[in-house]
Amino acid sequence: MIVVPGGRGQLGSDLAAASPEVRALSSAELDVTDPAAVAEAVVAADAVINCAAYTAVDAAETDEDRAFQVNAVGPGLLAAACAERGVPFVHVSTDYVFAGDANRPYEPTDPTGPKTAYGRTKLAGEERVLAAGGWVVRTAWVYGATGNNFVKTMARLESERDTVSVVDDQRGSPTWSADLAAGLLQLLEIRPAQRLLHATGGGDTTWFGFTRAIFEELGADPARVLPCTTADFPRPAPRPAYSVLSGKAWADAGLTPLPAWRDALARFARLHLR
Ligand SMILES: NC(=O)c1ccc[n+]([C@@H]2O[C@H](COP(=O)([O-])OP(=O)(O)OC[C@H]3O[C@@H](n4cnc5c(N)ncnc54)[C@H](OP(=O)(O)O)[C@@H]3O)[C@@H](O)[C@H]2O)c1
């Protein structure tokens, strides 16, 4: 049995769909900040993949203590409980641990430098997991069938507005949670020596480019998507300008690269957008 805390989120739901061995636990069934509940949850586990997270990037700016509990303390508890029982533990992290000012894809070994409360708390979680011998997989720009995400928001706006303005100066790699789920399950099979890895959809684009592709998938005119800049949309938490994560270490570890982001979007759209 593969226990998945945060099992009702985007990624957790796709892990549950990907394998009958997955036991996806909601936040009500397992609060990862509760040490006794964590200890109990791992007792019968053959492996644990942690999808629980405080993912509200803007809210975390004024709620860092709570974000730290969920993103750092919880993963630390899970990793320690798994280490004690010899249970493999995989944790998911984020491009937000980097400063976002690079001009080539980030390698796992590159220096971190989070600019947001969310990024700081996720980095603290990584440190605890790695210290306990778990795997950390950083990903970015995740969307899926469950919950709200960028793809669903843009699909809704397509039906409501003539034009949509989207930032064209932030670059990253859209990642379908179903593809990432398959990659995490493969990681558990291979159990590579390298403990810190990156996994995103292949290739990269901007939010503007991503939205044009979403419009294409909807059969809408992509010219209705207009480019704008980050300065046009100020947010409480600054967004990284460059979030592209290198998949080299992932491939070198014998893991299958995630499919190209554009192909993934087309497969997602066939199942969930039309
Ligand atoms: N979404 C992205 O673009 C993105 C990008 C990079 C990395 N990531 C990382 O990828 C992972 C999965 O993200 P996701 O998109 O699947 O997130 P998500 O849809 O927001 O799901 C997170 C889940 O964690 C649960 N949770 C929150 N607090 C909890 C607690 N104390 N105990 C147990 N569960 C708790 C939430 O349940 P409730 O709703 O009931 O609170 C929710 O179901 C996270 O580690 C995230 O940091 C995501």
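Residue indices begin at 1 and follow the sequence shown. The analysis underlying the following values was restricted to heavy atoms, covering all of them including side chains, and did not include hydrogens, waters or symmetry mates. As the structure lists them, so they are numbered: ligands from 1, and atoms in each ligand from 1.
Ring pair Trp141/Trp207 is parallel by interplanar angle, where below 30° counts as parallel and above 60° as perpendicular.
The closest side-chain donor-acceptor pair between Gln69 and Thr33, if any, does not fall under 3.5 angstrom. A donor-acceptor pair shorter than 3.5 Å can be found between the side chains of Asn149 and Gln10. There is no side-chain donor-acceptor pair under 3.5 Å between Glu61 and Thr116. For the 3.5 Å distance criterion, the side chains of Glu126 and Ser93 qualify, holding a donor opposite an acceptor. Checking Thr230 against Gln170 by side-chain atom types alone, a donor-acceptor pair falls below 3.5 Å.
Where the criterion is an N or O separation shorter than 3.5 Å, residue side chain and backbone included, Thr33 fails it with respect to ligand 1. Between Asp95 and ligand 1, no pair of N/O atoms sits closer than 3.5 Å. For ligand 1, one of its N or O atoms has an N or O atom of Ser27 under 3.5 Å away. Every N/O-N/O distance between Val70 and ligand 1 stays at or above 3.5 Å. Geometrically, ligand 1 and Val142 share a nitrogen or oxygen pair separated by less than 3.5 Å. Considering backbone and side-chain atoms together, Gly9 places an N or O closer than 3.5 Å to an N or O of ligand 1. Close N/O approach between Ala140 and ligand 1 is not found [any backbone or side-chain N/O within under 3.5 Å]. Residue Thr55 has at least one nitrogen or oxygen atom sitting less than 3.5 Å from a nitrogen or oxygen atom of ligand 1, judged on distance alone.
Within ligand 1, the atoms closer than 4.0 Å to a non-hydrogen atom of Tyr118 are 8 (N), 46 (C), 47 (O), numbered from 1 in the order shown. Residue Arg66 has at least one heavy-atom neighbour below 4.0 Å for each of these atoms of ligand 1: 31 (N). Near Arg8, the atoms of ligand 1 lying under 4.0 angstrom from a non-hydrogen atom of the residue are 43 (O). For ligand 1 and Thr139, the ligand atoms under 4.0 Å from any heavy atom of the residue are 6 (C), 7 (C). The ligand atoms of ligand 1 that sit less than 4.0 angstrom from a heavy atom of Ala52 are 24 (O), 33 (C), 34 (N), 35 (C).
Looking only at heavy atoms of the protein, atom 11 (C) of ligand 1 is closest to Val92 CG1, 3.7 Å. Atom 45 (O) of ligand 1 has as its closest protein heavy atom Lys122 NZ, 2.7 Å. Atom 15 (O) of ligand 1 has as its closest protein heavy atom Gln10 NE2, 2.8 Å.
The ring of Phe210 has its center closer than 6.0 angstrom to the ring center of Tyr143.
Residue contacts with ligand 1, taken as heavy atom pairs separated by less than 4.0 Å, do not involve His91 at all. Counting heavy atoms under 4.0 Å from ligand 1, residue Leu30 touches it through the backbone alone.
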Report all side-chain donor-acceptor pairs from residues 80-89 shorter than 3.5 Å, counting only partners two or more places apart or in another chain.
none

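The closest non-hydrogen atom to atom 30 (C) of ligand 1, taken over Val73, Thr146, Asp31, comes from Asp31. For atom 22 (C) of ligand 1, the choice among Gly7, Cys51, Ser177 with the nearest heavy atom turns out to be Cys51.
Residue Phe215 holds its CZ atom at 12.5 Å from CD of Glu217, rounded to the nearest 0.5 Å. One finds the CG atom of Asp34 at 8.5 Å from the CG atom of Leu77 (value rounded to the nearest 0.5 Å).
Distance remark: protein heavy atom present below 4.0 angstrom from atom 35 (C) of ligand 1.
When the side chain to side chain donor-acceptor pair (under 3.5 Å) test is applied to Ser243, the partners found at least two apart in sequence or on another chain are Asp95.
Among Asn103, Thr205, Thr206, Asp204, the one residue that satisfies the side chain to side chain donor-acceptor pair (under 3.5 Å) test with Arg171 is Asp204.
Residue contacts with ligand 1 leave out Glu29, since none of its heavy atoms falls under 4.0 Å from the ligand. Look at Ala56 and you'll find every heavy atom at least 4.0 Å from all atoms of ligand 1.
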